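See below for the structure under consideration.
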Amino acid sequence: MNVANRVRPDLRFTSEVEQNTAPLYAKVRKVVPQVEWPHFAPLIDRINRLKAEKNAVILGHNYMTPEIFHCVADFTGDSLALARNAVKTDADIIVMAGVHFMAETAKLLNPNKKVLIPDLGAGCTLAESVTAADVRALKAKHPGVPVVTYVNTSAEVKAESDICCTSGNAVEIVNGLGVPQVIMLPDEYLALNTAKLVKPEVITWKGRCVVHEQFTAADIQQLRQSNPGVVVLAHPECAPEVIDVSDYAGSTAGMADYVAKHKPAKVVLVTECSMSDNVAAEYPEIDFVRPCNLCPFMKKISLEAILWALENEQHQVEIDPALAARARLSVERMLNGWKPGA
Ligand code: 13P
Ligand code: SF4
């Protein structure tokens, strides 16, 4: 077969490309229709060659579509795993197949490497919900109270914070501070859900994730009625009422681990749509019920955008060095552990 790519006529689905990518198609064939493969395969083949030529790695978040997640990403996972892998890599170029704050975190941890975000529109409603000035005002209102900042924030906001957290380690980070009160921002729901599980009192901010705020407790009840026996796993960016009626709450990696460990016959992941596709690709025997919401920011990242980023070594993430030093401290404290006054 020699099929021209709709977007890049120089990329063809030749028999060589078909052969090179056959093991990758085997990984995703449950979730990527065969009719789409002649479009994806030449892009995947070119990206994987370029990565080797340029000593580049691709970090892929769990919300990437399966052809990115399973076929070009070198490391995959939740925000915490991506940050940890960003520290370990010895590649010259890191391409973030995720959103801008994740690329910034990778750059903070690798100031001397080229970190690329394939589309500058890959933002986040949580990151946009709070500014550095907001954090300064909160600190003035609550003097001496440590600021625990979700990684879904800009470097400017991280620079004003004491320590970062992700949905995967929020409880551990807040409890580990050994203080009576914390400010937790910007996600109000993550903060409220964390507050139920920790000792300190939690002061919240008003940020919301556009994907997770849409789910309601009524949606979950309806799901259970139409799918008897379904196991409901929800992300802690959902409202507390949604978490209350779910069977498990955890980060995207937490949800994937739950499926791997418990192998429920029927499951719903109350989160972004691609997450179910990526996990379903590995567990064809599990029935995934799929009401989900798309993240418009994550979906800016396509194979075409990744190839463009690698070819042009764009868009490079740059952070002012003085600001980066302060922001890095908050991320490193999260990764390495920290107590106020230590
Ligand atoms: P985690 O992958 O860390 O659970 O985060 C979810 C998310 O919304 C990232 O944007
Ligand atoms: Fe931000 Fe929500 Fe999209 Fe994650 S899923 S990038 S938190 S808007």
Side-chain angles (χ1 to χ4, degrees), residues 59-65 68-69 73 75-86 96-106 109 117-130 148-154 157-158 164-174 184-194 205-215 233-239 242-243 246 248-260 269-279 291-302 305 331 334-335:
L59 303 185
H61 186 261
N62 287 328
Y63 294 163
M64 290 294 104
T65 46
I68 296 175
F69 186 87
F75 300 103
T76 53
D78 63 357
S79 320
L80 185 59
L82 296 188
R84 286 199 173 126
N85 277 304
M96 180 53 71
V99 290
H100 194 264
F101 74 79
M102 295 175 177
E104 267 193 346
T105 304
L109 297 168
I117 179 83
D119 190 313
L120 288 173
C124 171
T125 53
L126 283 171
E128 280 160 25
S129 72
V130 65
V148 180
T149 290
Y150 197 26
V151 286
N152 298 37
T153 43
S154 65
V157 165
K158 289 185 176 78
C164 285
C165 75
T166 72
S167 56
N169 63 12
V171 171
E172 190 191 325
I173 296 279
V174 171
M184 203 174 166
L185 52 88
D187 188 352
E188 186 178 17
Y189 289 158
L190 177 68
L192 291 172
N193 290 322
T194 305
W205 184 248
K206 54 182 190 266
R208 299 279 170 85
C209 160
V210 67
V211 170
H212 294 98
E213 71 171 350
Q214 293 181 51
F215 296 108
L233 314 183
H235 195 278
E237 289 172 10
C238 294
V242 172
I243 302 300
S246 299
Y248 168 85
S251 78
T252 55
M255 286 190 255
D257 290 348
Y258 185 102
V259 172
L269 309 185
V270 184
T271 189
E272 212 272 345
C273 302
S274 293
M275 174 82 203
S276 292
D277 291 338
N278 291 330
V279 184
C292 60
N293 295 318
L294 281 169
C295 173
F297 309 107
M298 290 280 182
K299 299 291 94 106
K300 296 263 180 200
I301 309 300
S302 59
V331 178
M334 168 182 86
L335 296 174

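Computed over heavy atoms, backbone and side chain alike; hydrogens, waters and symmetry mates excluded. Atoms within a ligand are numbered from 1 in the order they appear, just like the ligands themselves. Please read all numbers here as calculations on a predicted model, not as lab measurements.
Atom 1 (Fe) of ligand 2 has Cys124 SG, 2.4 Å as its closest protein atom, hydrogens excluded (heavy atom only).
Distances from ligand 1 to the non-hydrogen atoms of His235 include at least one value under 4.0 Å. Ser167 counts as a contact of ligand 1, since one of its heavy atoms falls under 4.0 Å from the ligand.
Remark: ligand 1 atoms within the under-4.0 Å shell around heavy atoms of Ser251 are 4 (O). Less than 4.0 angstrom separates some heavy atom of Met298 from each of these atoms of ligand 1: 10 (O). Interface of Asp78 with ligand 1, defined as ligand atoms under 4.0 Å from a residue heavy atom, comprises 1 (P), 2 (O), 3 (O).
Between the side chains of Lys299 and Ser274, a donor-acceptor pair is found at a separation under 3.5 Å.
For Lys300, the NZ atom counts as loosely surrounded, since its 6.0 Å shell holds 12 or fewer non-hydrogen atoms of other residues, nucleotides or ligands.
Residues passing the side chain to side chain donor-acceptor pair (under 3.5 Å) test with Asp277 are Arg290, sequence neighbours excluded.
Taking backbone and side chain together, Cys209 holds an N, O or S atom under 2.8 Å from atom 2 (Fe) of ligand 2.
Looking at ligand 1, you won't find any N or O of Thr166 less than 3.5 Å from one of its N or O atoms.
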(request) Quick one: do Cys209 and Cys124 satisfy disulfide (SG to SG under 2.5 Å)? Show the steps, please. (result) CA-CA 8 Å; Cys209 160; Cys124 171; over 6 Å; no
